[in-house]
Amino acid sequence: MPSADRKHRRRSPSPRPQQRLLPQLHKHDDLALDGASFSGAVFNLSTTIVGAGIMALPAAVKQLGMVPGLIVIVLGAIITDASIEMILRFSRASKAASYSGLVGDAFGGVARTLLQGCIVVNNVSALVVYMIIIGDVLSGTWSDGVHYPGVMEEWFGQYWWIKRSFLLLLTTFIVLAPLISFKRMDSLRYTSALSVGLAVVFVVITAGVAIVKVINGSIGMPRLLPELVDQASFRNLFTTVPIIVTAYNCHHNIHPIENELQDPTQMKSIMRTSITLCLIVYVATSFFGFLLFGNHTLDDVLANFDADLGIPYSSLINDVVRVSYCIHLMLVFPMVFFSLRLNLDGLLFPYAIPIAYDNRRFFSVTAALMGFIFLGANFVPSIWDAFQFTGATATVSVGFIFPAAIALRNTHGIATQKDRLVSWVMILVAVSSSTAAISSDIYSIFSSGNGVGG
């Protein structure tokens, strides 16, 4: 029987033997811990959502105007809630313990592999960008031939140990390596709570500075509606959609968090609590960020905290904002890395035992991924542009295209008329936002190549 069973597994097109074990990981040997709590899961999911995207939201509101911008941010939360709710409901119907398992149940092995590939591309791109930002904050960066010093250079001066590669290597071994070595996501609940707290600190500081400047009359009323002066300004409205769409991306961590819960029926409430918390942070960041910097709001609002804010202790406030956000990204890193490792392992070893059972495979995949991300952040900083392109395709596919396709496929006959309507809306948003982002990137490449524009 054992040999026959092994033969059956090799022929099976579905990775269900591995998937059935996933909900039981916390009961196995060294993973034998109590199930995750409601609060721990909320912090882990919230940390997954609030990554680097928060810093781009004020610029998105600048393009759209205050009123349409905030409305679109709220709509992004609503549509994300709908997509995740469908994933949870259809997963229970198909008894799938992973997102890839759900897609495989609906469309087969090729679609499952495609989803895993999209998650790998999305997560690798996010983590490389996180490390680039961490390096920029700590060591500084160059832009248009001008050097912008990092906090370490400002504090200590120019020494060999403030070089970008050394500081990122130090960060990797001291902070990131220990955090990505956990086999249970629930082990990160305390660092996730700190990460969410640091995002709130950023909001509080930004709000405080904006309110002080409103009181002393140094800033005025923000623009409420978009400025449409030419075709380019109209086209830029659509380039904000991918930013807001991807700001809520967390679908790849839904199943890993649910699988560790003491009471899996709480997952829907956890999801809605997390999205509501992140929505509040996003709206506050966007409102006060745009109120504070107005038309001078940069694509990455963190860069606005490099200059004099026009209030007492401006330099100290800038350093607190930059360092706290840098630490926030370090704590977000392992949450995104967790699902990256699971999905890459699923691509490479689809019929092996779960990676948490195999120490050699766990640490080999972890080391290889971390090495690749480290090299990307240090030696290919221009990879940011390439990842904007892949993010506009992979991210929206993970967040909207696949959930909508699962509902429209309706393998188990549980889709409602509302599911179908929401699914078509998600597909329309995903396709239009991807098309806008890709067209904008292509236009920028050709215009810069022809000497047009900035």
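By convention here, the first residue in the shown sequence is residue 1. Note that these values count all heavy atoms, side chains included, but never hydrogens, waters or copies made by symmetry.
Atom-to-atom distance recorded for N216:CG and I219:CD1 is 8.0 Å, nearest 0.5 angstrom. If you take NE2 on H255 and OG on S100, they are separated by 8.5 Å, rounding to the nearest 0.5 Å. Separation of atoms CG (L342) and CG (N253) is listed at 8.5 Å; rounding is to 0.5 Å. Here CG of D81 is found 4.0 Å from CZ of R272. Values are rounded to the nearest 0.5 Å. Atom-to-atom distance recorded for S139:OG and M152:CE is 9.5 Å, nearest 0.5 angstrom. Rounded to the nearest 0.5 Å, atoms CZ (R189) and CG (L194) are 14.0 Å apart.
In summary, D186 and R184 engage in a salt bridge, as defined by a charged side-chain N under 4.0 Å from a carboxylate O.
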Side chain to side chain contact (heavy atoms under 4.5 Å, CB included) between F337 and L179, worked out: CA-CA 10 Å; F337 191 94; L179 293 178; over 6 Å; no

Kindly determine whether D136 and R164 satisfy side chain to side chain contact (heavy atoms under 4.5 Å, CB included), including the steps that lead there. CA-CA 8 Å; D136 290 347; R164 182 190 195 88; 2.9 Å; yes

F305/T206 under side chain to side chain contact (heavy atoms under 4.5 Å, CB included): CA gap, chis, key distance, verdict: CA-CA 10 Å; F305 287 92; T206 305; 3.8 Å; yes

For C326 and L138: C-alpha separation, side-chain torsions, deciding distance, then whether side chain to side chain contact (heavy atoms under 4.5 Å, CB included) applies. CA-CA 8 Å; C326 182; L138 295 179; 4.1 Å; yes

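More than 12 heavy atoms of other residues, nucleotides or ligands shown are found within 6.0 angstrom of CZ on F363. Residue-environment remark: NZ (K163) stays at or below the threshold of 12 foreign heavy atoms within 6.0 Å.
Looking only at side-chain heavy atoms (C-beta outward), V124 and F372 come within less than 4.5 Å of each other. Residues F290 and K62 are in side-chain contact: their nearest non-hydrogen atoms beyond the backbone lie under 4.5 Å apart. Contact of the L45 side chain with the I254 side chain is registered, since non-hydrogen atoms from C-beta on lie closer than 4.5 Å. Taking the side chain as every heavy atom from C-beta outward, Y99 and P403 approach each other to under 4.5 Å. Residues I215 and I211 meet the side-chain proximity criterion, which asks for heavy atoms closer than 4.5 Å. Side-chain contact check for N249 versus V398: some heavy-atom pair is nearer than 4.5 Å. F202 is not listed as a side-chain neighbour of F288, based on a closest heavy-atom distance of 4.5 Å or more. Within the 4.5 Å cutoff, side-chain heavy atoms of L340 are placed close to those of I373.
Scanning all heavy atoms of the two residues, the minimum distance from L331 to T47 falls at O-CG2, 4.0 Å. When all heavy atoms of N378 and S165 are compared, the closest pair comes out as OD1-CA, 3.0 Å. Counting all heavy atoms, side chain and backbone alike, K213 lies closest to L309 at NZ-O, 2.9 Å. The two residues C250 and I49 have their closest heavy-atom pair at CB-CG1, 3.5 Å. Taking each heavy atom of I87 and L102 in turn, the nearest pair found is O-CD2, 3.7 Å. A pairwise comparison of heavy atoms in G376 and V128 identifies C-CG1, 4.0 Å as the closest pair.
H252 places no side-chain N or O within donor-acceptor distance of the main-chain N or O of I119, the cut-off being under 3.5 Å. Under a 3.5 Å cut-off, the side chain of S286 and the backbone N or O of V283 do not form any donor-acceptor pair. In this structure, S83 contributes its side chain and T80 its backbone to a donor-acceptor pair below 3.5 Å. Looking at S324, its side chain does come within 3.5 Å of a backbone N or O of V321 through a donor-acceptor pair. Between the side chain of T48 and the main chain of N44, a donor-acceptor pair closer than 3.5 Å is present. K268 places no side-chain N or O within donor-acceptor distance of the main-chain N or O of I84, the cut-off being under 3.5 Å. One N or O on the side chain of K183 and one on the backbone of A356 form a donor-acceptor pair closer than 3.5 Å. A donor-acceptor pair is defined here as one N or O able to donate and one able to accept, closer than 3.5 Å; such a pair exists between the side chain of N123 and the backbone of V336.
A side-chain donor from one of H328 and S195 sits under 3.5 Å from a side-chain acceptor of the other. Defined by atom type and a distance below 3.5 Å, a donor-acceptor pair is missing between the side-chain atoms of N304 and T297. N295 and R223 share a side-chain donor-acceptor pair at under 3.5 Å.
Taking the ring centroids of F333 and F338, they lie at or beyond the 6.0 Å cut-off. Between Y248 and Y282, the distance separating the two ring centers is shorter than 6.0 angstrom.
For the side chain to side chain contact (heavy atoms under 4.5 Å, CB included) criterion with I327, the lone passing option out of L198, V201, T191 is L198.
Every residue meeting the salt bridge (charged side-chain N to carboxylate O under 4.0 Å, His left out) condition with D319, not counting sequence neighbours, appears here in chain and number order: R322.
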